[in-house]
Amino acid sequence: QVQLVESGGGLVQPGGSLRLSCEASARTFNTFTKGWFRQAPGKDREFVTATKQNSGMTSYAQSVKGRFTLSRDNAKNAIYLQMNSLKPEDTAVYYCAATQRRLITSELDNVENYDVWGQGTQVTVSS
């Protein structure tokens, strides 16, 4: 069973930036569909961004489009989330998620379609 480990969370002021990392234990991680979700206190886990296996096609939630960027490093079995222009409403626990299932674009934002999750990393945006 593949394991995911996130890092890079922390406290940042509004307008600031953070870069999250997700490292996988599987050498075949490049063949997974993978991405990021987040969960704020009292709210459901929500989609942030995900990328299809192999194709490189990446989808973003409207709320982060233009501010967040997902990137991958296949040699390190890792993906990253560069977060710029952070807002207080971005405060949440951020989770890395993955699946070996081939998802179509419309399925990327559904939390139920992912079966491997990291432990989460806290991101707090506050002055």
Colleague: Closest approach of Lys87 and Val125, non-hydrogen atoms and distance?
Modeller: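 Taking Lys87 first and Val125 second, the nearest heavy atoms are O-CB, 3.2 Å.
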Colleague: Closest approach of Val48 and Val64, non-hydrogen atoms and distance?
Modeller: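 Between these two residues, the closest heavy atoms are O-CG2, 3.7 Å.
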Colleague: Output the distance between atom CZ (Phe68) and atom OG1 (Thr58), rounded to the nearest 0.5 Å.
Modeller: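 The distance works out to 15.0 Å.
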Colleague: In Å and rounded to the nearest 0.5 Å, what is the CG to CD distance from Asp109 to Glu46?
Modeller: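 Here the rounded value is 11.0 Å.
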Colleague: Is Ser17 close to Val12 at the side-chain level, that is, under 4.5 Å between some pair of heavy atoms?
Modeller: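 No; the side chains remain at least 4.5 Å from each other.
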Colleague: Which pairs count as ring pair (Phe, Tyr, Trp, His ring centres under 6.0 Å) when at least one residue sits in residues 29-54, sequence neighbours excluded?
Modeller: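 Applying ring pair (Phe, Tyr, Trp, His ring centres under 6.0 Å) to every pair that reaches into residues 29-54, excluding sequence neighbours, yields Phe29-Phe32, Phe37-Phe47, Phe37-Tyr114, Phe37-Trp117.
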Colleague: What are the two closest non-hydrogen atoms of Ser21 and Tyr80, and how far apart are they?
Modeller: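 So the minimum-distance heavy-atom pair works out to OG-CD2, 3.3 Å.
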Colleague: Tell me which pairs pass disulfide bond (SG atoms under 2.5 Å apart) where either residue lies in residues 98-127, with sequence neighbours left out.
Modeller: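 For residues 98-127, and leaving out neighbouring residues, there are no disulfide bond (SG atoms under 2.5 Å apart) pairs at all.
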Colleague: Report the distance from atom CG of Leu81 to atom CG of Leu18, rounding to the nearest 0.5 Å.
Modeller: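 The CG atom of Leu81 sits 9.5 Å away from the CG atom of Leu18.
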Colleague: Say whether, by atom type as modelled, one donor and one acceptor occur between the side chain of Ser85 and the main chain of Arg67 under 3.5 angstrom.
Modeller: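 Judged by distance alone, no pair lies under 3.5 Å.
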Colleague: Once you round to the nearest 0.5 Å, how far does OG1 of Thr69 lie from CG of Asn84?
Modeller: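 Thr69 atom OG1 to Asn84 atom CG measures 6.5 Å (nearest 0.5 Å).
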Colleague: Looking at every non-hydrogen atom in both residues, tell me the closest pair between Leu4 and Ala24 and how far apart they are.
Modeller: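 That closest heavy-atom pairing would be CD2-CB, 3.7 Å.
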Colleague: When rounded to the nearest 0.5 angstrom, what distance separates CE in Met57 from OG1 in Thr33?
Modeller: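 Result: 10.5 Å between the selected atoms.
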Colleague: Taking atom CG of Asp90 and atom CE of Met83, what is their separation to the nearest 0.5 Å?
Modeller: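 Reported to 0.5 Å precision, the distance equals 7.5 Å.
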Colleague: What heavy-atom pair brings Thr91 and Gln122 nearest, and what distance separates the two atoms?
Modeller: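 In this case the closest contact between Thr91 and Gln122 is CG2-NE2, 4.0 Å.
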Colleague: Can you run down the salt bridge (charged side-chain N to carboxylate O under 4.0 Å, His left out) pairs that involve residues 2-25, sequence neighbours left out, and say none if there aren't any?
Modeller: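 Those involving residues 2-25 do not exist here.
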Colleague: Specify the closest pair of heavy atoms between Ala92 and Ala40, including all atoms of both residues, with the distance to one decimal.
Modeller: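 Minimum heavy-atom contact is CB-N, 3.8 Å.
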Colleague: Is a side-chain donor-acceptor pair under 3.5 Å present for Asn113 with Arg101?
Modeller: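 Asn113 and Arg101 do have a side-chain donor-acceptor pair below 3.5 Å.
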Colleague: For Gln3, does the CD atom sit with more than 12 other heavy atoms under 6.0 Å from it, leaving out its own atoms?
Modeller: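 Atom CD in Gln3 is not crowded, with 12 or fewer foreign heavy atoms closer than 6.0 Å.
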Colleague: Side chains of Ser59 and Lys52: donor-acceptor distance under 3.5 Å anywhere?
Modeller: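 Note: Ser59 and Lys52 side chains miss the donor-acceptor criterion.
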